[in-house]
Amino acid sequence: VTSEVSPGGESAPRLVAVNLLGVVEHPALGDGPYRVDRDGRPYVPAGDGGIVLDLQLGDSVFGLVADHAAPGACLVHPDPASRHALASYGCIGNRARVRTGQAAGAHGVVIGKRGEDGRVIVAFGQADLARMRPGDEVAVRARGQGLRPPRLPPDVTIMNLDPAVLALLPIDLSGTAAGDGGGAAVTAGVRMTVPSRLAGNGIGRPAVGWDLDLQLPPPGPDGTGDLALGDLVAVTDIDARYNMGYRRGWVTVGVVGHGASPLPGHGPGMTPILTGPAGAVRPVPDPAGHAGLTAAMVQLQ
Amino acid sequence: VKVTTNAGRLVRQVLAGEVWPTLADRHAYRVGPDGRPFLLPGMGGVTLGVHCADPATGYASDHLEPGASIRHRDPGANMALQFLTCVGNQVRVASGPAAGAVGHVIGQHAYVLADFPEPAAADLAPGDAVTVLATGQGLALPDHRSITVKNCDPDLLARMPGGTRPDGRLEVHVAARVPAEAIGAGAGMVSEYANTDLMGAYQGLGADLSLGLEGLRIGDVVALADADHRYGRGYRAGYLAIGVISTGQCMLFGHGPGPSTLLSGPADAFCLVDDPEANLARWLHAQPDEIRPAAAAAPGSR
């Protein structure tokens with residue numbers, strides 16, 4: 001249990017951890033195999049949910065011929081309300097443990113979530129993942145919603161983050177950085193900053209239960225503009241405190257949890273973790289050297 | 001618009017639906033832009049007193065759907081109703097005290113939205129059966145092959161001002177131009193279903209939220225910048241989507257009054273004319289029975 005103590009000595013309310021039950025998803029299609037891409041071409045969506053092998057944190061979001069592919073296993077729940085709870089309470093960095101099937105006992109870590117009906121994305125070691133199958137039960141030790149580190153500027157909100165992983169990410173809460181308004185600012189190292197007009201699916205949806213798709217073009221031949229799973233990305237003029245929407249002068253930072261999509265209005269998706277006025281949240285882009293949420297950080301075998 | 005179409009080759013199909021009840025859940029509240037909870041009517045059922053040419057925003061309402069909100073009980077039949085119904089299609093009430101009343105479709109919002117004259121709407125209630133004369137999907141413009149038409153009754157298209165220009169572009173009159181930053185919920189969905197919510201159009205919110213769209217009216221024809229709606233709704237620099245505002249005031253953040261898509265293609269295939277009167281009311285407020293014989297003479301007559 002984290003005990004957050006502010007410089008003044010008063011304790012912040014303690015977070016509650018809850019064990020949630022997820023079930024490894026099976027990919028699902030409609031009566032026909034095709035979706036239609038942004039140029040009007042039919043395609044068969046591979047990798048959209050379920051277990052995706054050989055895709056890991058640090059890999060390019062554009063590396064596979066796939067639709068919304070996520071590194072690891074997507075968890076769902078057969079009851080819609082339980083599924084929404086799983087997606088809303090599950091936080092990046094939460095520990096997960098397989099309870100049934102051949103990989104029973106294996107540990108994984110939540111690295112993101114997806115919206116609509118709700119999915120939690122859990123990364124596992126590749127050997128464990130290869131032994132898993134759809135329908136396996138996985139417990140998620142969910143903790144993080146309500147996190148409010150004492151040093152956080154009052155108009156900044158953190159969400160979808162396990163407190164244990166917050167300290168490992170390139171986020172500086174020390175308050176020593178000067179914000180645009182002269183007050184203290186949180187800085188976040190990011191791969192890139194994206195304008196709000198490229199934000200797609202996820203706008204208008206609750207930031208605790210959805211990701212925000214980014215309509216990014218594939219990288220150039222020299223890799224310019226590439227984005228990796230686990231990267232932090234900033235989106236300008238998006239307020240994600242509740243539902244995500246346009247607010248001039250705001251910044252939202254998220255962790256990239258799934259890969260690109262051929263669908264119009266879709267793309268690599270980020271799970272929001274930090275939102276506030278631009279004066280209090282300062283993204284620091286580093287296109288070449290950025291490291292966000294990494295495999296080493298989540299300590300998977 | 002004065003333009004060559006394949007309208008003579010489209011089918012007309014009789015679809016059935018019913019006025020759908022207003023829905024709520026037992027937790028009641030939704031959350032506004034500043035975290036303030038609210039409970040407001042507007043979605044589903046029959047929303048009275050708001051018609052084409054009325055302001056889209058400025059009401060104590062959420063997801064305001066003018067007129068009747070229509071679905072079909074069977075999920076598959078409902079998707080056919082939602083996908084095949086087009087803006088401008090005739091809707092006739094088939095049961096209840098308003099039976100026989102005629103209205104027209106003004107858009108889609110996961111419901112088919114039908115505007116009726118106020119006296120008829122006052123007699124409508126959830127559960128009333130309606131008949132939709134669906135036509136429009138498949139409409140094409142042979143002289144403008146880069147432009148995709150969807151959700152548009154051929155009679156409505158014929159009645160709109162503009163048309164093929166000598167330079168080959170399609171002239172379309174629009175009441176507002178919408179920047180890409182305003183695109184809210186609805187991005188990433190297919191463009192034959194629901195609509196594109198526009199942010200920054202609410203009345204009475206701060207300058208940080210305004211995108212200059214407070215003047216929108218129900219039924220306005222608008223142009224969305226950098227939007228490609230040919231195969232869904234997505235961002236594409238240099239493309240345009242033309243739509244008609246079919247829903248109004250929203251308090252839910254990231255939502256707002258929204259256009260149902262009518263046309264989409266490269267921006268250079270269009271010639272936009274700013275026209276405050278580019279509104280469905282201009283062309284469709286008359287009863288559809290009066291409109292049909294006039295359709296051939298209407299283009300460019302304004």
Side-chain angles (χ1 to χ4, degrees), chain A residues 30-31 34-43 68 81 84 115-116 155 157 194-208 210-217 235-250 252 261-267 269 275 277-278, chain B residues 25 27 30-37 63 76 79 148 178-192 194 196-202 205-211 213 224-237 239 241 250-256 258 264:
Chain A
D31 291 341
Y34 300 115
R35 292 179 187 164
V36 178
D37 78 8
R38 56 178 59 83
D39 296 310
R41 293 180 296 241
Y43 71 98
H68 291 94
H84 283 303
E116 199 74 53
D155 43 4
T157 301
V194 174
S196 70
R197 63 178 178 273
L198 299 183
N201 184 269
I203 291 283
R205 312 301 179 192
V208 289
W210 286 66
D211 63 325
L212 184 63
D213 278 12
L214 305 173
Q215 302 174 74
L216 297 171
V235 185
T236 54
D237 296 329
I238 293 290
D239 174 1
R241 289 175 299 167
Y242 310 104
N243 275 32
M244 294 180 269
Y246 178 88
R247 189 186 294 273
R248 190 177 287 117
W250 275 61
T252 294
S261 169
L263 282 177
H266 292 254
T275 188
Chain B
D25 70 61
H27 301 290
R30 303 177 117 188
V31 178
D34 294 301
R36 185 174 300 177
H63 282 87
M79 294 322 292
T148 297
V178 177
E181 286 74 12
I183 303 304
M189 292 168 64
V190 296
S191 38
E192 287 82 358
T196 312
D197 283 19
L198 302 180
M199 302 182 285
Y202 315 90
L205 296 178
D208 54 340
L209 298 175
S210 173
L211 285 161
L213 299 172
L224 312 185
D226 296 328
D228 180 1
H229 286 196
R230 294 174 301 160
Y231 310 108
R233 300 194 192 100
Y235 176 90
R236 191 189 293 259
Y239 267 65
C250 275
M251 285 309 297
L252 192 65
F253 196 47
H255 295 247
S264 191

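Worth knowing before you read on, the calculation uses all heavy atoms, side chains too, and leaves out hydrogens, waters and symmetry mates. Within every chain, numbering begins at 1; the chains are lettered A, B, ... in the order of the sequence lines, protein sequences first and strands thereafter.
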Discussion item. For Asp239(A) and Phe253(B): C-alpha separation, side-chain torsions, deciding distance, then whether side chain to side chain contact (heavy atoms under 4.5 Å, CB included) applies.
Written reply: CA-CA 9 Å; Asp239(A) 174 1; Phe253(B) 196 47; 3.8 Å; yes
Response to the item:
CE of Met199(B) to CG of Asp237(A), rounded to nearest 0.5 Å, is 9.5 Å
Response to the item:
Okay, Tyr242(A) and chain B: the region with an atom under 4.5 Å from a heavy atom over there is side chain
Worksheet item: Are the side chain of Gln215(A) and the backbone N or O of Tyr235(B) linked by a donor-acceptor pair below 3.5 Å?
Response: yes
Worksheet, complete the sentence: In short, Ser210(B) meets Arg248(A) closest at the heavy-atom pair O-NH2, 2.8 Å
Item to complete: With rounding to the nearest 0.5 Å, note down the distance linking CD1 in Ile203(A) to OG1 in Thr196(B).
Response: 12.5 Å
Discussion item. To the nearest 0.5 Å, what is the distance between CZ on Arg233(B) and CG on Asn201(A)?
Written reply: 11.0 Å
Discussion item. Tell me whether Tyr43(A) at atom OH has more than 12 heavy atoms from other residues, nucleotides or ligands lying less than 6.0 Å away.
Written reply: yes
Fill in: Minimum heavy-atom distance Gly232(B)-Pro264(A), with the two atoms named
CA-CG, 3.8 Å
Item to complete: Begin with the C-alpha distance, continue with both residues' side-chain angles, and end with the deciding distance and a verdict on side chain to side chain contact (heavy atoms under 4.5 Å, CB included) for Asp37(A) and Tyr231(B).
Response: CA-CA 7 Å; Asp37(A) 78 8; Tyr231(B) 310 108; 5.8 Å; no
Item to complete: Specify which of Ile183(B), Asp226(B), Leu211(B) makes the most heavy-atom pairs with chain A at under 4.5 Å.
Response: Leu211(B)
Worksheet item: Does any heavy atom of chain A fall under 4.5 Å from the side chain of Arg30(B), the backbone, both, or neither of them?
Response: neither
Response to the item:
So, the part of Pro33(B) with a heavy atom under 4.5 Å from chain A: the answer is both
Discussion item. Taking the side chain as everything from C-beta on, heavy atoms only, tell me whether Tyr246(A) gets closer than 4.5 Å to Leu209(B).
Written reply: no
Discussion item. A side-chain contact here means heavy atoms from C-beta on lying under 4.5 Å apart; do Leu252(B) and Arg205(A) qualify?
Written reply: no
Response to the item:
Most heavy-atom pairs under 4.5 Å with chain B, out of Gly245(A), Ser196(A), Ser261(A), belong to Gly245(A)
Fill in: chain A contact via Ala227(B) - which portion, at a heavy-atom distance below 4.5 Å
neither
Practice prompt. Could you have a look at His255(B), Met189(B), Arg230(B) and say which one has the most heavy-atom pairs with chain A under 4.5 angstrom?
Written response: His255(B)
Worksheet entry | Interface moiety of Ser191(B) toward chain A, non-hydrogen atoms closer than 4.5 Å | neither
Item to complete: Taking all non-hydrogen atoms of both residues into account, name the closest pair between Arg38(A) and Asp228(B) and its distance.
Response: O-OD2, 3.8 Å
Discussion item. Do the side chains of Asp208(B) and Arg247(A) get close enough for a salt bridge, i.e. N-O under 4.0 angstrom?
Written reply: yes
Worksheet item: Between atom CD of Glu181(B) and atom CG of Leu198(A), what is the distance when rounded to the nearest 0.5 Å?
Response: 9.0 Å
Worksheet item: Picking from Gly186(B), Gly32(B), Gly184(B), which has the most non-hydrogen pairs under 4.5 angstrom with chain A?
Response: Gly184(B)
